[in-house]
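Below: the structure, in structure tokens.
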Amino acid sequence: MLGPVILAASRSDRMRRLISAAPVTKQVVDRFIPGETVGDIVPIIKELTAKGLELTMDVVGEDITTPEQAAAARDAYLALIDRLRELGLGDSVEMSVKLSMFGQALDGGHELALANVRPVVEAAAEIGTTVTLDAEDHTTLDSMFAIHEELRKDFPQTGCVIQAYLFRTENDARRLADAGSRVRIVKGAYKEPAEVAYQQKHEIDKAYVRVLRILMEGAGYPMIGSHDPRLISIAQELARRAGRKLDEYEFQMLYGIRSDEHLRLAAEGHRMRVYTAYGTDWYGYFMRRLAEKPANLRFFARSILSKG
């Protein structure tokens, strides 16, 4: 399987240097990460919302080694919220954050991450939007869920992400599927050991459906993070069986992948949210996108070969 190899490369400084230096890399990365600054991304936000799509914005970057860098990540999100306020798009654009960016892995990281993410959640609420806490590797999840629970005391609309390939996720889904909750389900994009996660695609797909059924039958708001046509069809059927209206769940897909499908689902009346990342520290995000879907890797390889 290529996925684990690519994920290992995402942690390699040598591979980071090689790939970053390749002349074709920026052109390919732009397919998935359409800008480095808030100014770069504003035209994308305007274009997608004009087409009836919603967005969740991710300022990429995870290698935080100092409290100052964590504070800078916080400030980057606050700058994004200020721009969304100016655009009047709080009802169409939310934020996705990785707590590693807010200092979660540093000494006292749990408290530091909570202190840094809270003002982002507060500012988002002020413009009528919200924040979703992205899931990272399994060792960080207890901290993420605890921060999620704490934030929901004042901001109940705060969302979180669960990953179908982890053995724990069905129990997490049952706990989270309460009234007012917002839960995104994804397959999972980190290299996890066999002791904690399914390793085979068919096992992960079956787990995804089990977890999705729990969310659809619960009282919360499911967010289906997938590009898989079969899983999208299953989600629609589970929603129908659960008696959900079209505005009682949503689909989420990555910017640059299956863009026609984004528009098709939106045209059918579904809420369709595009996960859109921007920033200069793109490497880890980009490599996980390659690992998640072989078609992404083929696209990258073809682009390199065509420039050879």
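For this chain, numbers begin at 1 and follow the sequence in order.
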**Request:** Only counting residues at least two apart or in another chain, list the ones meeting side chain to side chain donor-acceptor pair (under 3.5 Å) with E149.
**Result:**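 None.
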
**Prompt:** By side chain to side chain donor-acceptor pair (under 3.5 Å), which residues pair with T56, not counting sequence neighbours?
**Reply:**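 Side chain to side chain donor-acceptor pair (under 3.5 Å) list for T56, sorted by chain: E94, S96.
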
**Prompt:** What residues form a side-chain contact (heavy atoms from CB on, under 4.5 Å) with A197, not counting sequence neighbours?
**Reply:**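 Once residues adjacent in sequence are excluded, the partners of A197 under the side-chain contact (heavy atoms from CB on, under 4.5 Å) criterion are Y165, L166, E192, Q199.
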
**Complete:** Contacts of P193 meeting side-chain contact (heavy atoms from CB on, under 4.5 Å) (sequence neighbours excluded), chain-then-number -> H138, E195, V196

Donor-acceptor pair, [X] side chain versus [Y] backbone, under 3.5 Å?
| X | Y | value |
| --- | --- | --- |
| H262 | I257 | yes |
| T169 | D172 | no |
| H227 | L254 | yes |

**Request:** Test Y221 against every option in R182, R244, E250 by the side-chain hydrogen bond (donor to acceptor under 3.5 Å, both in side chains) rule and name the one that passes.
**Result:**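 Of all the options given, the one that passes is E250.
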
Could you state the interatomic distance from [atom1] ([X]) to [atom2] ([Y]), rounded to the nearest 0.5 Å?
| X | Y | atom1 | atom2 | answer |
| --- | --- | --- | --- | --- |
| R152 | S181 | CZ | OG | 5.5 Å |
| Y255 | D58 | OH | CG | 14.5 Å |
| T65 | L106 | OG1 | CG | 7.5 Å |
| I81 | M95 | CD1 | CE | 4.0 Å |
| Q104 | T139 | CD | OG1 | 8.0 Å |
| Y208 | I224 | OH | CD1 | 6.5 Å |

**Request:** Quick one: do N171 and R168 satisfy side chain to side chain donor-acceptor pair (under 3.5 Å)? Show the steps, please.
**Result:** CA-CA 6 Å; N171 287 333; R168 64 174 288 170; over 6 Å; no

Do the charged groups of [X] and [Y] touch, with an N to O distance under 4.0 Å?
| X | Y | result |
| --- | --- | --- |
| E237 | R240 | yes |
| D137 | K191 | no |
| R264 | D260 | no |

**Message:** Under the criterion side chain to side chain contact (heavy atoms under 4.5 Å, CB included), I'd like the reasoning laid out for Y278 against L80: C-alpha separation, chi angles, the key distance, then a yes or no.
**Reply:** CA-CA 11 Å; Y278 71 98; L80 170 62; 3.5 Å; yes

In terms of hydrophobic clusters joined by side-chain contacts under 4.5 Å, are [X] and [Y] together?
| X | Y | value |
| --- | --- | --- |
| L151 | M101 | yes |
| F167 | Y190 | yes |
| M144 | V211 | yes |

**Request:** Write out all pairs satisfying salt bridge (charged side-chain N to carboxylate O under 4.0 Å, His left out) with one or both partners inside residues 208-227, taking only residues at least two apart or from two chains.
**Result:**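 Salt bridge (charged side-chain N to carboxylate O under 4.0 Å, His left out) check on residues 208-227 returns E170-R210.
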
Can you give each donor-acceptor pair under 3.5 Å made by side-chain atoms of residues 44-55, sequence neighbours left out, with the distance rounded to 0.1 Å?
from : atom 1 : to   : atom 2 : distance (Å)
E47  : OE2    : K51  : NZ     : 3.3
T49  : OG1    : I45  : O      : 2.7
T49  : OG1    : K46  : O      : 3.2
E54  : OE1    : R271 : NH2    : 2.6
E54  : OE1    : R273 : NH2    : 3.2
E54  : OE2    : R271 : NE     : 2.9
E54  : OE2    : R271 : NH2    : 3.3

**Prompt:** In terms of heavy-atom contacts, does CG of D107 have more than 12 from other residues, nucleotides or ligands at under 6.0 Å?
**Reply:** no

**Asked** Would R184 count as a cation-pi partner of Y275, with NZ or CZ less than 6.0 Å from the six-membered ring centre and within 45° of the ring normal?
**Response**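 Cation-pi check for R184 and Y275: fails.
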
